[in-house]
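In the text below, chain A, chain B and the rest are named by the order of the sequence lines, each starting its count at 1.
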Amino acid sequence: MPLKYPRAKGTHDFYPGAAAWEEDSYRCHYLEDIFRGVSNLYGYSEIRTPAFEPTELFTRSIGEATDIVSKEMYTLVTKGGDSLTLRPESTAPVLRAYVQNSLYATGGVSKLFYCASHFRYERAQKGRYRQHEQLGVEALGADDPALDAEVIALALAFFRRIGIHNLRLKLNSVGSLESRDAYLVALKEFVAPHLPEFSGEGQARFEVNPLRLLDTKNARELEILSSAPHLSAFLTDDERLHHETLIGYLTDAGIDFESDPFLVRGFDYYTKTAFEIQSPDLGAQNALGGGGRYNKLVEAIGGPPTPGIGFGLGIERALIALQALAVEMPSPPSPTAYLIIQGLAARPVGIKLLSDLRAAGIAAETDYGFRSMKAQMRAADKAHARYALILGDDEVAQNVIQLKNLYDSWQHTIPLTEAVEWLSSNGPPAR
RNA sequence: GCGAGCGUAGUUCAGUUGGUUAGAACGCCAGUUUGUGGCACUGGAGGUCGUGGGUUCAAGUCCCAUCGUUCGCCCCA
């Protein structure tokens, strides 16, 4: 059916009862709730930043040569001539807020979580949208590997808690800007003689962003790279110790991981720890989330030298994974009482009762169509209400109301004035 | 940005080698009980076959374009 105003490409709606889990508003909210709970458990507090930031914040932090900055940002120029960009990720905005609000002055480590929409101008595909919802954490103020382990544990705890158990944690250390530069020299020296065998994309990376050479899936390139030097050999003692200590913490915590010396992330700002969490049960978009340490980033955006580590995950991808895995999820809340009104005289009495029920904290619903009793009963059943309250002109005349338990069909009559109290004491549905 | 597939009722799909009023299931609405759900039965509403153009006596069925979507590449959440 031709829509007059279809939604923009690569976007989607979240609405109740959507067949696709990644569009179901209740499931989305459920994941957010779980994430808030886990974040709270680990001592993280929520931060909310604007949907857009000055463009330079992203170009400087993420890296000019990255795909995101070079071709995937939604950038607009204001009437005043400023360049603003819808956030393609949240680390830079959160750090900007951390600096701007002097959160470093509160002492200790600032542990923040966020839940926000992100925007990237990409080729839309399942699990890859131009606007997507992301959950994440940032821990600022310590270079302690224990913090790396905590962030990784938090991420895994979240996935386990929502019911995804088959997870693959990939881990690497990307060193520092200095050790990486030394490595890149060696890597380029190694690749140079083989360069003609690389794809066009690979050759472009060689010039622009050689670290990403490692990220290829091209079989021939992988074969060549299999004997390439590893970044780990170029790490400083401090970086090596950091990584080994982290591995020790993970091992102690019983967290399985897969060392991947070729794991590199899409942003330039990562240092030391880099990790990615994948679901082997997904297709091309198998990365559920990822993160890493960024010890120079706060300084780079104008704050005091502050180490930090973060993690982010896509809600839609998590939901797609949950649906693919047929994970059980709680159903949306249903009303305790469904008020069925029959007759004109009962109408105002019923509307008043509905109001009283809600005022007493009892989830109550009714049918608004003046429909037959049968239709209203069906609606009560469809709403999964615990009780149907039947109020017709006869009941009003006798000042009573009929109360039917829709679970066991037991029905009885009580004085109208006692309805609220009865439902209060007989409580919400046992779900 | 590249390659490929798909686009028919709210949803999932059928629609034979192009040919009369485009079908099913589920969902929705109503009835089978003069005031009572879940099951069953009956009936009903709902589609200018994504859009535009072309070929043809005739197109949902063929061609082109366009938009959307899906899969792969790329990238990443």
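- The number of heavy atoms from other shown groups lying within 6.0 Å of CG (A/Asp408) is above 12.
- The structure places CD of A/Glu64 at 9.5 Å from OG of A/Ser70, a figure rounded to the nearest 0.5 Å.
- Contacts of A/Asp394 with the nucleic acid, taken as non-hydrogen atoms under 4.0 Å apart, include base atoms.
- For the pair A/Tyr129 and A/Ala124, both in contact range of RNA chain B, the more 5′-proximal nearest nucleotide belongs to A/Ala124.
- Computed from coordinates, the A/Phe159 CZ to B/rA77 C1' distance equals 9 Å when rounded to whole Å.
- To the nearest angstrom, C1' of B/rA77 lies 10 Å from CG of A/Leu135.
- The cationic group of A/Arg120 does not satisfy the cation-pi geometry with A/Tyr74, failing either the under 6.0 Å distance to the six-membered ring centre or the 45° limit from the ring axis.
- Classification of the A/Tyr30-A/Tyr26 ring pair by plane angle, with boundaries at 30° and 60°, yields parallel.
- A salt bridge links A/Lys126 and A/Glu22; the closest N-O separation between the charged side-chain nitrogens and carboxylate oxygens is under 4.0 Å.
- Nucleotides B/rU51 and B/rC67, compared at atom C1', are 7 Å apart to the nearest Å.
- Whole-Å rounding puts the A/Arg128 CZ to B/rC71 C1' distance at 11 Å.
- Protein atom NZ of A/Lys374 is 14 Å distant from nucleotide atom P of B/rC41, rounded to whole Å.
- In the set B/rC74, B/rA77, B/rU70, B/rC74 carries the atom at the smallest distance from any side-chain atom of A/Asp67.
- Between the NZ atom of A/Lys9 and the C1' atom of B/rG1 there is a distance of 11 Å, given to the nearest Å.
- Comparing the P positions of B/rC26 and B/rU42 gives a spacing of 11 Å, expressed to the nearest Å.
- A salt bridge is defined here as a Lys NZ or Arg NE, NH1 or NH2 lying under 4.0 Å from an Asp or Glu carboxylate O, and A/Lys272 with A/Asp148 fails to meet this definition.
- For the C1' atoms, the distance linking B/rU12 with B/rC6 amounts to 15 Å, nearest Å.
- With both ends at atom P, the span from B/rC28 to B/rG38 equals 11 Å, rounded to whole Å.
- B/rG44 sits 25 Å from B/rU8 when the P atoms are compared, rounded to a whole Å.
- Between the base of B/rA77 and the side chain of A/Glu276 there is no donor-acceptor pair shorter than 3.5 Å.
- With pairs defined as Watson-Crick or G-U wobble and both atom distances under 3.5 Å, the stems of at least three pairs that touch RNA chain B come out as B:1-7 with B:67-73, B:10-13 with B:23-26, B:28-32 with B:40-44, B:50-54 with B:62-66.
- Counting non-hydrogen atoms under 4.0 angstrom, A/Gln411 reaches a base of the nucleic acid.
- Here, B/rC2 and B/rC63 have their P atoms 23 Å apart, quoted to the whole Å.
- By the ring pair (Phe, Tyr, Trp, His ring centres under 6.0 Å) test, A/Phe370 pairs with no residue at all, sequence neighbours left out.
- Within 4.0 Å of A/Glu395, counting heavy atoms only, lies at least one base atom of the nucleic acid.
- Of the N and O atoms on the side chains of A/Glu239 and A/Ser176, at least one donor lies less than 3.5 Å from an acceptor on the other residue.
- Within 4.0 Å (heavy atoms only), A/Gly10 reaches sugar-phosphate atoms of the nucleic acid but no base atom.
- Distance noted for atom C1' between B/rU48 and B/rC41: 34 Å (whole Å).
- Checked options A/Asn295, A/Thr271, A/Thr306; the residue passing with A/Asp143 is A/Asn295 (criterion: side-chain hydrogen bond (donor to acceptor under 3.5 Å, both in side chains)).
- In this structure, A/Tyr387 atom OH and B/rG38 atom C1' are separated by 18 Å, rounded to whole Å.
- Using modelled atom types and a 3.5 Å distance limit, the side chains of A/His12 and A/Gln131 yield no donor-acceptor pair.
- Not a single donor-acceptor contact under 3.5 angstrom links the side-chain atoms of A/Gln376 to the base of B/rG35.
- In this structure, CH2 of A/Trp21 is placed 20 Å from P of B/rU11, rounded to the nearest angstrom.
- Donor-acceptor pairing under 3.5 Å, judged by distance alone, is absent between the side chain of A/Gln342 and the base of B/rU36.
- Remark: aromatic rings of A/Trp410 and A/Tyr387 are distant, center separation not under 6.0 Å.
- Of the two residues contacting RNA chain B, namely A/Glu316 and A/Trp410, the nearest-nucleotide position lying further toward the 5' end is that of A/Trp410.
- The separation between A/Ile68 atom CD1 and B/rC74 atom P is 16 Å, rounded to whole Å.
- B/rU36 sits 47 Å from B/rU16 when the P atoms are compared, rounded to a whole Å.
- Both geometric conditions, a ring-centre gap below 5.5 Å and a plane tilt below 30°, are not fulfilled together for A/His118 over the base of B/rA77.
- Of the candidates B/rG38, B/rU36, B/rC2, B/rU36 carries the atom nearest the A/Ile390 side chain, counting heavy atoms from C-beta on.
- For A/His243 and A/Thr273, the side-chain atoms include no donor-acceptor pair closer than 3.5 Å.
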Where along nucleotides 25-30 of chain B does protein come under 4.0 Å, by heavy atom, of base (B) or sugar-phosphate alone (S), with - for untouched nucleotides? ---SSS
